[in-house]
Every structure is written in C-alpha cells, then in structure tokens.
Novice: 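Okay, here's the structure, questions in a sec.
We name chains A, B, ... by the order of the sequence lines, and we start the count at 1 in each one. Since the model is a prediction, treat every value here as computed from it, not as a measurement.
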Amino acid sequence: MIRTHEAGSLRAEHAGQTVTLAGWVARRRDHGGVIFVDLRDASGIVQVVFREEDAHALRNEFCVKVTGEVRARPEGNDNPELATGAIEVAAAELAVLSEAAPLPLPVDDTITASDDLRLKYRYLDLRRSGPASALKLRSRANQIAREVLHARDFNEIETPTLTRSTPEGARDFLVPVRLQPGTWYALPQSPQLFKQLLMVAGMERYYQIARCYRDEDFRADRQPEFTQLDIEMSFVTQEDIIELGEELVSKLWGELAGYEVQLPIPRLTWTDAMNRYGSDKPDLRYGVELTELTSYLDGTEFRVFAGAIAAGGYVGAVVMPGGASQTRKELDGWQDWAKARGARGLAYVTLDASTGEPKGPVAKNLSEAHLSGLADAVGAKPGDAVFFAASAERREAQELLGAARIEIAKRAGLIDESAWAFCWVVDAPMFEKTSSDDGQESGWTAVHHPFTSPNEEWEGKFEEAPNKALAYAYDIVVNGNEIGGGSVRIHRGDVQKRVFDLLGITPEEAEDKFGFLLEAFKYGPPPHAGIALGWDRTCMLLSGNESIREVIAFPKTRGGYDPLTTAPTPITAQQRTEAGIDAKPKAAAAPGTDGVAAPVLPS
RNA sequence: GGUCCUGUGGAGCAGUUGGAGUGCUCGCCGCCCUGUCAAGGCGGAGGUCGCGGGUUCAAGUCCCGUCAGGACCGCCA
C-alpha cells in the first residue's frame, strides 16, 4: 500500500504516530510561512500542515502522498466541523503523484454545477461527498438485499441481456446479429420470462440485481437502462412475497434512512386507492381524499356533470384546505394546470371564509339544494376550495382529481418531507380496455403482463366481466412512488390459454412470441410468484435525492446522450455492413439446417 | 409528439424602459503573508451574451427559427 492510514480515519488517539497518507488536495490555505492543505481521500478530510515552501506549488485536486506525524492541534485551533478536527498531520515529506489541470467545475460540496457539466466530468463530480455518498449508499443497499435473500436460501442467478423481446410493453433496444445478418437481439425489459423458466427449473428461490432496458422517453426517475431487484419464488402465495418485500424495505429503511417501518405495511385495494386518492400509487403522507358525488349530484342541470352522470360515469371532488383565499389568477392557473394534463378544465367552488357561502363560476350552475349540502358532502370548511372532475370514464376523472390532490398538497404545504408512508396496493384489475387510434374500443390488454394470475375469486370466470376481474398483483408504494410490483403467475396451461383468448392472442401468436415458455410450462411448472423492486428509484429515495441520476454512476441525459463518452455515436459503413443492419433475413430456413438454430416447438 | 423553464469569461449568478461586454461571488495566474479551515491582502488575465435570421439609429434585452440542458404530459405491461 502506498499509504498507512486513511485520511478521514485519524483521531486524537493517533497523535504521535507517523503516518503516510495519499489523496487529493481539497483546499490549500497558504500563509507564506505555514501552509494548510486539506487532504481528501474516500474516507474524508484531514488537515496537513506544511512549513516548507514545496507545498506552495500545490493546486486544487493534485494527487499527493504525504508522510508526517499526527499531532493534536494547538489550543483553540480545533475544527469541530471536521471528524478529524482535533488533530493535524505535520508534513515531513511531500510527493506529487500527479498534477491536476485547472478544474472545469469546482470540486466543492457547497457549489453545484449544471447537470450536463456534472455528467461530462462525472469523475470530478463524484469526488464530492454528496454524489459519492449516494453511490456508496447504493452499494450498501445491494449488500442488505443480498443479506436478506441469502439468509432465506435464495440463489443469485444471472440471465441473458442478449435475448428476444419481452412480449408487449415498452419499445425494445435492438442489437444486430453479425452471424445471422438481418436478425436482431433485444435487450431485456426485465428478466420476467427467464425467472419463470428458472422456477420450472426447480431453482425455487431466485433473485438478481438485473439491468433492464426500455426505449422510452426519460423522466427524473427514468433512464433507458435501469436496475431492478428481481425476485421469484416457487410454492408461495401473494402473502409470502408481501412478507419478503416487507422485510426488505424494513431492513433498507431501517439502516439507510434511520426509519423503523411499521409492519405489517397497510394495504389498500386498487379500487380503494383509486376511489380515495385517484391514484394507484397514493401518497399517504397527507389526507385530502377524493369524494364521489355521482349520486349526490344526480339530477343536476349543470351540463358538464349531468353528461358524465348520464353516461354512467363519475363526478367527484377534492377539497383544497384554505383554497378560497387564492387569487383569481391562482384559480385560473388551475385551469391551465388541468389543460396541460389533457383535461378540459377543473371546475371549482370556493367557500367564503366567514359565511361559508359557495362562490365561483360553477356555483351559479348548481341548484340551491346541491350547494347548501356541498360542504358537508365533501367535508369542506369555510375558506376551502372544492375542485370537481367529471367524466364518462370513471378512472379518467379520478386520475385528474388524484393529480389535483398532489398539487394541492404541494401548494398548501401539506407534505411532511421527513415522513415515510408505505402501503401495498393489492387486488389490481387484470385487464383494461384498449382503444385503437380512432378511439374505437378494440379489446382487452393485460394491466400487468399476460402471465399474471387471476385471483381465486376470478380464476373461473374472468371472461364474464374482464373489466372487473382482479389479479393476484401487488405494488409497494412509498410517498406516492411505486418502488416495486409483482404478481402470482399463471402456472396452468388451461388458465393461460383462456387469458390469451381474452386478450385476442391466437395460439399461433402465442407460439411465436413465447412458445419457449409455454413449452416449458408443459413439464410440471410449480406455482410461483415474484416481485421486482425499482432499484434506482429505491436508492434515490433512500439517499434523499430527487433524480435517479444521482444513484447511477454514469447516467445519461434526457436525450439518451452520455456527455462523458458522447455515446451514442454513428457507426462506420464497415460496421454497418458487418452487423448486417440492412440485410434481409433469409427466408425461413428449415429448422436446424444451414446454420439456422431450430426454434423450440411444442408438439 | 406536446406544454413550460433555462442558456452571459473556467463555475455559479445579476444585468432595470432596447442605449458601449457592465457587475457580483468563486476559481485561475503573479506577488505578500507563521495558525488557517469556504483563510486574508494587492495586482492581473480571461467573454462572438448557445447558434442563425429578423425588427430597430441601436439587441444580452424584443420577435421567429434552431441546438443543448431540465421539469411535466403523452408514452413507460
């Protein structure tokens, strides 16, 4: 080792020892006859004192080695801000291991640079303690997950990242195959099918910290490649997976957030979550629940509401405490907010702070009876504002109110930023209607994925009311963020076939898309279930960050661009030819001939 | 695909009603300085105001386009 100690580890008890340190010049304070250098390595910072001129030439971020004696600081010179603040190192020898050019961004915990600059010089950005600690936290989170899972006899198994596309879902990233020009691998959106095959293989307990790829647009919590803690178990029920999920979050939050998760974590059904919070991932740090007014407002002459009610839809409301004191401009701002989400607007009534009298443009359209009972119906007090949404589509109106609920909490300052509110959302619907581009309803699609099992109640009859059928599917939610989700899988061929039939997937299509899984399921598949935790998002929350970029070593910008490597890049004509990008795939060759792999065909 | 915000020496910002590239903090270079810790003092260098076009006597400032970064909607089982 080049050094004998780590800079941040030195304490008063080291006084008198001669140590050799290696690290970077975090800061230099040159007083002429005495020069102080804050020496930083991964463990922290210690002050080194030089009496010799040679330290004069040191500059920020030079990489240096220093030998000297640890000693207590002179009386009154302690620095309580530093863990090593009671001592300093009196330098006897200095070696410059490498010099640093003037920095393109400051390596300083107190100053932030713009995102693209930080990413271009991510290796400098990560010398700062904040960004570095986020990655270290993630490392520890990985370790905690592995400890929990290995204690339960899980196997960590790697699955391919060059594979064929997972059916349905997001757009795939594609990789050309040189050996079979014109054919393509897909990068996996998740190891879903492989982990189910591992259950057929009798592995029983599988996990993987798995990289996944989806070619969709970015968000603060979305990158094109991301990581899941992916878990699958055989011979278990939904309860077993939920119990495991609770141990994981309990250990993670206990150690990394210093928060004791109260177990069991409360559960909401998907329908309750939508009815009460207008979201399938409700933020339970505050109340502000939705109220359905479909029956209350029955018979109203206000066309917006009457139309929704007549169409068998939904009218509901959410209350903004103190919202009546908003200016006209702020209230108008809600209309723009609603329109930005694709809604026509957000009807509102304000209740006069002293009299409780309903006011606002919508109030004129409601009958005396409807107005007088409104405050009680929605639980509003004088001084509050009541926002309404109405639609023939229940879910659409509820989601608008749910989004309004979140916005209300932000604007009214109702969010306790220090709180952690966990819940499971269970009993998710199996199917939802699909509509083609012309708006015509065209059939059903799986809400989760087509291998999700109906629950016991619906297993025999989901075809009778696909819109009401419930699945053994569950999401774990914290503070309005979905951090994981999973389901019990179908393991019976007859049930799977009925699901495919409902989804309009013909046997030929099913064969073409995932024949290999159906083939496997012919050989005694065990009942199995699993869950995947969105690992970037989980680590982001644990580290108190607002973007998953902070817990990814070398993230990409919004356009899929990596400012550091400048990927993606064009390829040469030769690469293009070699990769077979423009080649037409050969006409279907006879299986097993001419170097063409034989597909696995079920009999 | 859509809406919105941002772009000014190396970094972070300010820049008023359209009136000379003006200012602030940090960094950088040189000098001074023996107890600082975001050290201090003196001096200096460094900018095609993202790019292109337009309006104007005059544009960092107003308009149009475009590029880049960010937030959100669509999308993401």
Novice: Between B/U36, B/C33, B/A38, which nucleotide has the shortest distance from any of its atoms to the side chain of A/Asp30?
Specialist: B/C33

Novice: Between A/Asn77 and B/U36, does any side-chain N or O lie under 4.0 Å from OP1 or OP2?
Specialist: yes

Novice: Could you tell me how far B/U6 sits from B/G12 if I compare only their C1' atoms? Round to whole Å.
Specialist: 14 Å

Novice: Expressed as a whole number of angstroms, how long is the span from A/Arg128:CZ to B/A38:P?
Specialist: 17 Å

Novice: Does any part of the side chain of A/Phe62, heavy atoms only, come nearer than 4.5 Å to the side chain of A/Ser98, both counted from C-beta?
Specialist: no

Novice: For A/Asp283 and A/Tyr277, test the side chains for any donor-to-acceptor distance below 3.5 angstrom and give the result as yes or no.
Specialist: no

Novice: Between the protein and nucleotides 72-74 of chain B, which nitrogen or oxygen pairs are less than 3.5 angstrom apart?
Specialist:
residue	atom	partner	partner atom	Å
B/C72	OP2	A/Ala220	N	3.4
B/C72	N4	A/Arg558	NH2	3.0
B/C73	OP2	A/Arg219	NE	3.1
B/G74	N7	A/Arg219	NH2	3.0
B/G74	O6	A/Asp217	OD2	3.4
B/G74	O6	A/Arg219	NH1	3.2
B/G74	N1	A/Asp217	OD2	2.8

Novice: Applying ring-ring contact (aromatic ring centres under 6.0 Å, His included), can you list everything that pairs with A/Tyr474, at least two apart in sequence or on another chain?
Specialist: none

Novice: With stacking defined as ring centroids separated by under 5.5 Å and planes differing by under 30°, is A/His31 stacked against B/A39?
Specialist: yes

Novice: Please compare A/Leu119 and A/Arg537 by the position of their nearest nucleotide in RNA chain B and report the one closer to 5'.
Specialist: A/Leu119

Novice: Using atom P of each nucleotide, how far apart are B/G69 and B/C29 to the nearest Å?
Specialist: 31 Å

Novice: Is any side-chain heavy atom of A/Leu105 less than 4.5 Å from a side-chain heavy atom of A/Leu124?
Specialist: yes

Novice: With rounding to the closest Å, how many angstrom separate the P atoms on B/U61 and B/G54?
Specialist: 14 Å

Novice: With A/Phe500, which residues qualify under ring-ring contact (aromatic ring centres under 6.0 Å, His included), at least two apart?
Specialist: A/Phe514

Novice: Return yes if the base of B/C37 and the side-chain atoms of A/Arg73 contain a donor-acceptor N/O pair under 3.5 Å, otherwise no.
Specialist: yes

Novice: More than 12 non-hydrogen atoms from neighbouring residues, nucleotides or ligands closer than 6.0 Å to OH on A/Tyr213, yes or no?
Specialist: yes

Novice: Restricting to non-hydrogen atoms, name the atom on A/Arg122 and the atom on A/Asp125 that form the minimum distance, rounded to 0.1 Å.
Specialist: NH1-OD2, 2.7 Å

Novice: With both distances under 3.5 angstrom, what nucleotide forms a Watson-Crick or G-U wobble pair with B/U3?
Specialist: B/A71

Novice: Could you pick out which residue, A/Glu432 or A/Asp78, lies toward the 5' side of RNA chain B when each is mapped onto its nearest nucleotide?
Specialist: A/Asp78

Novice: Can you tell which of B/C37, B/C76, B/C28 lies closest to the side chain of A/Asn60?
Specialist: B/C28

Novice: Only one of A/Arg489, A/Lys195, A/Gln196 clears side chain to side chain donor-acceptor pair (under 3.5 Å) with A/His528; which?
Specialist: A/Gln196

Novice: Take the protein atom CZ of A/Phe50 and the nucleotide atom P of B/U36, then report the distance between them rounded to whole Å.
Specialist: 18 Å

Novice: What orientation do A/Tyr121 and A/Tyr123 show, parallel under 30°, tilted 30 to 60°, or perpendicular over 60°?
Specialist: perpendicular

Novice: Classify the side chain of A/Arg549 and the base of B/G70 as holding, or not holding, a donor-acceptor pair under 3.5 Å.
Specialist: no

Novice: What's the CZ-C1' distance between A/Arg27 and B/C28, to the nearest Å?
Specialist: 15 Å

Novice: Once you apply the 3.5 Å cut-off to both distances, tell me the Watson-Crick or G-U wobble partner of B/G52, or none.
Specialist: B/C64

Novice: Starting at OH of A/Tyr561 and ending at C1' of B/G70, how long is that distance when rounded to a whole Å?
Specialist: 16 Å

Novice: Suppose we define a pair by two distances each less than 3.5 Å, Watson-Crick or G-U wobble; what does B/C13 pair with here?
Specialist: B/G23

Novice: Can you identify which nucleotide, out of B/A38, B/C75, B/U36, has its nearest atom closest to the A/Thr110 side chain?
Specialist: B/A38

Novice: Could you pull out every donor-acceptor pair under 3.5 Å between side chains of residues 46-58 of chain A and any protein atom, sequence neighbours left out?
Specialist:
residue	atom	partner	partner atom	Å
A/Gln47	OE1	A/Arg29	NH2	2.9
A/Gln47	NE2	A/Glu88	OE1	3.1
A/His56	ND1	A/Asp30	OD2	2.5

Novice: Sticking with atom C1', work out how far B/A14 lies from B/G35, rounded to a whole angstrom.
Specialist: 36 Å

Novice: Between A/Lys120 (NZ) and B/G69 (C1'), how many Å, whole number?
Specialist: 14 Å

Novice: If we take the P atom in both B/G23 and B/G9, what is their distance in whole Å?
Specialist: 15 Å

Novice: Looking only at atom C1', what distance separates B/U8 and B/C4, rounded to whole Å?
Specialist: 22 Å

Novice: If B/G18 has a Watson-Crick or G-U wobble mate with both distances under 3.5 Å, name it; if not, just say none.
Specialist: none

Novice: Using a cutoff of under 3.5 Å, can you pull out all pairs of nitrogen or oxygen atoms linking the protein to nucleotides 9-11 of chain B, with atom names and distances?
Specialist:
residue	atom	partner	partner atom	Å
B/G10	O2'	A/Pro104	O	3.0

Novice: From the set B/C37, B/U36, B/G69, return the single nucleotide nearest to any side-chain atom of A/Asp115.
Specialist: B/G69

Novice: What protein N or O atoms touch nucleotides 29-31 of chain B N or O atoms at under 3.5 angstrom, if any, and at what distances?
Specialist:
residue	atom	partner	partner atom	Å
B/C29	OP1	A/Arg59	NE	3.1
B/C29	OP2	A/Arg59	NE	3.1
B/G30	OP2	A/Arg59	NH2	3.1

Novice: Please classify the nucleic acid contact of A/Glu399 as base, sugar-phosphate, or nothing, using heavy-atom distances under 4.0 Å.
Specialist: nothing

Novice: Any chance the rings of A/Trp334 and A/Phe387 have centres within less than 6.0 Å?
Specialist: yes

Novice: Quick one about A/Ser129 and A/Asp109 (side-chain donor to acceptor, distance below 3.5 Å, no hydrogens or angles considered), yes or no?
Specialist: yes

Novice: Are A/Glu330 and A/Arg411 close enough that some pair of their side-chain heavy atoms sits under 4.5 Å apart?
Specialist: no

Novice: Output the rounded distance in Å from CG (A/Asp125) to C1' (B/G69).
Specialist: 15 Å

Novice: Decide whether A/Ser543 and A/Glu550 meet the rule of one side-chain donor and one side-chain acceptor closer than 3.5 Å.
Specialist: no

Novice: So, under a plain 3.5 Å distance rule, would you say the side chain of A/Arg29 forms a donor-acceptor pair with the base of B/U34?
Specialist: no

Novice: I need the CE-P distance between A/Met540 and B/A71, as an integer number of Å.
Specialist: 11 Å

Novice: Taking the same atom, P, in B/C64 and in B/C24, what whole-Å distance lies between them?
Specialist: 34 Å

Novice: Pick the C1' atom in B/A45 and in B/G27, then give their distance to the nearest Å.
Specialist: 13 Å

Novice: Give the minimum heavy-atom separation between A/Gly484 and A/Leu533, together with the two atoms involved.
Specialist: CA-CD2, 3.8 Å

Novice: For A/Asp108 and B/C13, give me the distance from atom CG to atom P, rounded to whole Å.
Specialist: 14 Å

Novice: Could you please name the partner base of B/C31, counting Watson-Crick and G-U wobble pairs only when both distances are under 3.5 Å?
Specialist: B/G41

